[in-house]
Amino acid sequence: WRDSGGGDGGGTKLPVGKVVLADKSYTDEGAAVIAAFLRPLAPGISRADLSDVIAGRPEDEALRVLAELCGALSASDLEEVDLSDNALGTKGIEACRPVLAGRGTASHLRSVSLCNNGLSSQTMGVVADLLTETDPDTGGCVAGNLAKIHFYNNMSGEGGCRAFARILAATGGGLADVRFSGTRAGRVGSLVVASALERLGPEGGKELRRLDLADNTFGEDGANLIAQVVARCPNLRYLNLDECLLGDAGMGRVGAALAGAGAGEGPPPLEGLVLGGNELTRAGAGHVASLLRGGGWGRTSTGCGGRTWR
C-alpha cells in the first residue's frame, strides 16, 4: 500500500484509472483505510464502481461509509460512477454528492447508474436537483454532459418520472444509453417520461444506441410518443419495451417507426429487441412479424412473451 503512494509512505504512485469497490460491505474502519489509499490517487481516477458497498450496515454507519468513500474521490475527474445496489434515501444521495455533483462533475461525468437503490419520489427529486444544478465555474450541469443514465428497479412512482423528465430536459445531444425501467410508474408518469424523450427532438436521438423503458405503462398515447422517439434514432442497437401495454395499435406505430417509415430511411441496426407483455392480439402479433420480416436483422435477439428467437 505505502509503495503505491497511499498513506504516509510517499512511494511512487501507481496509475489508477478505475476503482471497483463493489459487492463488499464496508465498516467505518475499512472505509477509512480505503479512503486514505485513494486520496493521493484520486486525480487520475476517472471511473468508480461503488455499487453494493453498505449492505447490512446500520443507517448511520452506512451514511458515514458512503461519505468517506465518495469524499476520497472528490479530487477525481470522474467520467463514470455506479452507485447501484445501495439503499439510498435522501441522506444517502447527499452523502454521495462529491461523485454526483462535486468539483468538475459538470465537465467530466458522462455515466451515472442508480439501479436497485429503492429511490423514492422525494429522493429522485434530490437526484434531479444535483444533476441539473448549475456549476458556477462552467455554467453547465452534470446532465448536460451525460451519455449514459440508468435508473432501474426503484420505487419512485409518478414523482420519480417527473424528476427523470427534468434530467432529460437538461441533457445535451450526446445521450447514447438510457434506462428507466421498473420504477412503479403509472400511466400519467409514463406519459411524462415519453413526452420528455420526444421533446429531445432529432438531435437527442442521433447518438442513442440503447433505450430500455420496460415496465412503463405507456398505453396507446405513450406508444405514439415512443414511436416518434425511435424514428429519430438511426443508430439504435437495443430497444426494450417489455410490459409497456402498447396494445395492437401502439405496436403498429412503434413497428412502423422502427422500420423507418416515418423518416423515409431504413431500419436501425438493432441487435436486441424486447416487446413482450404488451397485450397484443393476433393483429399486434402481425405487426411484430411484419417488423421482423422487413428489418433485415439477421442476428437480432428478439424477445416476446417470454420466448426468444434468433
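Because the structure is a prediction, the values reported are computed rather than measured. All residue numbers refer to positions in the sequence shown, counting from 1.
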Testing the basics here: between [X] and [Y], what is the closest heavy-atom pair and its distance to 0.1 Å?
{"X": "I226", "Y": "A194", "answer": "CD1-CB, 3.9 Å"}
{"X": "S121", "Y": "G160", "answer": "OG-N, 3.9 Å"}
{"X": "L175", "Y": "L146", "answer": "CD2-O, 3.6 Å"}
{"X": "C244", "Y": "L213", "answer": "SG-O, 3.2 Å"}
{"X": "D85", "Y": "N117", "answer": "N-ND2, 3.5 Å"}
{"X": "N216", "Y": "A185", "answer": "OD1-CB, 3.4 Å"}

Okay, side chain of [X], backbone of [Y]: is any donor-acceptor separation there less than 3.5 Å?
{"X": "T134", "Y": "P136", "result": "no"}
{"X": "N278", "Y": "L245", "result": "yes"}
{"X": "S195", "Y": "V192", "result": "no"}
{"X": "N86", "Y": "L88", "result": "no"}
{"X": "N154", "Y": "L114", "result": "yes"}
{"X": "E243", "Y": "A214", "result": "no"}
{"X": "R187", "Y": "T217", "result": "yes"}

What distance separates [X] [atom1] from [Y] [atom2], expressed to the nearest 0.5 Å?
{"X": "S113", "Y": "L50", "atom1": "OG", "atom2": "CG", "result": "11.5 Å"}
{"X": "C161", "Y": "M124", "atom1": "SG", "atom2": "CE", "result": "8.0 Å"}
{"X": "L130", "Y": "T105", "atom1": "CG", "atom2": "OG1", "result": "9.0 Å"}
{"X": "L131", "Y": "L109", "atom1": "CG", "atom2": "CG", "result": "8.0 Å"}
{"X": "R210", "Y": "N235", "atom1": "CZ", "atom2": "CG", "result": "14.5 Å"}
{"X": "L197", "Y": "L225", "atom1": "CG", "atom2": "CG", "result": "9.0 Å"}

Solution key, residues 28-37 side-chain donor-acceptor pairs under 3.5 Å, sequence neighbours excluded:
residue : atom : partner : partner atom : Å
D28     : OD1  : R64     : NE           : 3.3
D28     : OD2  : R64     : NE           : 3.1
D28     : OD2  : R64     : NH2          : 2.8
E29     : OE1  : T27     : OG1          : 3.4

>> Would L100 and L83 count as a side-chain contact (heavy atoms from CB on, under 4.5 Å) here? Give the steps.
In response: CA-CA 10 Å; L100 290 174; L83 292 163; 4.1 Å; yes

Heavy-atom distance under 4.5 Å between the side chains of [X] and [Y], does that happen here?
{"X": "C115", "Y": "N153", "answer": "no"}
{"X": "I149", "Y": "D177", "answer": "no"}
{"X": "L21", "Y": "L69", "answer": "yes"}
{"X": "P268", "Y": "P234", "answer": "no"}
{"X": "L239", "Y": "L258", "answer": "yes"}

> Which pairs pass ring-ring contact (aromatic ring centres under 6.0 Å, His included) with one or both residues in residues 174-219, sequence neighbours excluded?
Replying inline: F164-F180

Check for me, please, whether [X] and [Y] land in the same ILVMFWY cluster - side-chain distances under 4.5 Å, paths through other members count.
{"X": "L208", "Y": "Y152", "result": "no"}
{"X": "V229", "Y": "L191", "result": "no"}
{"X": "L63", "Y": "V53", "result": "no"}
{"X": "L292", "Y": "L241", "result": "yes"}
{"X": "L273", "Y": "L280", "result": "yes"}

> Would E207 and R209 count as a side-chain contact (heavy atoms from CB on, under 4.5 Å) if you check the C-alpha gap in whole Å, the side-chain angles of each, and the deciding distance to 0.1 Å?
Replying inline: CA-CA 6 Å; E207 300 300 321; R209 264 75 170 168; 3.2 Å; yes

Set of side-chain hydrogen bond (donor to acceptor under 3.5 Å, both in side chains) partners for [X], sequence neighbours left out:
{"X": "K18", "value": "none"}
{"X": "D82", "value": "S84"}
{"X": "T123", "value": "T90, S120"}

Suppose we screen for salt bridge (charged side-chain N to carboxylate O under 4.0 Å, His left out). Which residues come up paired with [X], at least two apart in sequence or across chains?
{"X": "E279", "value": "none"}
{"X": "K24", "value": "none"}
{"X": "D212", "value": "R179"}
{"X": "D77", "value": "R103"}

> What do the steps show when you test H287 against D248 for side-chain hydrogen bond (donor to acceptor under 3.5 Å, both in side chains), and what is the final call?
Replying inline: CA-CA 8 Å; H287 293 314; D248 290 339; over 6 Å; no

Pairs involving [range], ordered by first then second residue, that meet salt bridge (Lys or Arg N to Asp or Glu O under 4.0 Å) (sequence neighbours left out):
{"range": "residues 215-236", "result": "E198-R232, E220-R253"}
{"range": "residues 127-156", "result": "R97-E133, D129-R166"}
{"range": "residues 37-52", "result": "R39-E68"}

>> A quick test of your reading: do over 12 heavy atoms of other residues, nucleotides or ligands sit less than 6.0 Å from CZ of R57?
In response: yes

>> Under a plain distance cut-off of 3.5 Å, with no hydrogens placed, do N145 and H108 share a side-chain donor-acceptor pair?
In response: no

> How far apart are the C-alpha atoms of L291 and V288, what are their side-chain angles, what is the distance that settles it, and do they pass the side-chain contact (heavy atoms from CB on, under 4.5 Å) test?
Replying inline: CA-CA 5 Å; L291 174 63; V288 175; 5.6 Å; no

>> Applying side-chain contact (heavy atoms from CB on, under 4.5 Å) to L78 and S46, what does each step give before you reach the verdict?
In response: CA-CA 4 Å; L78 288 178; S46 61; 5.6 Å; no

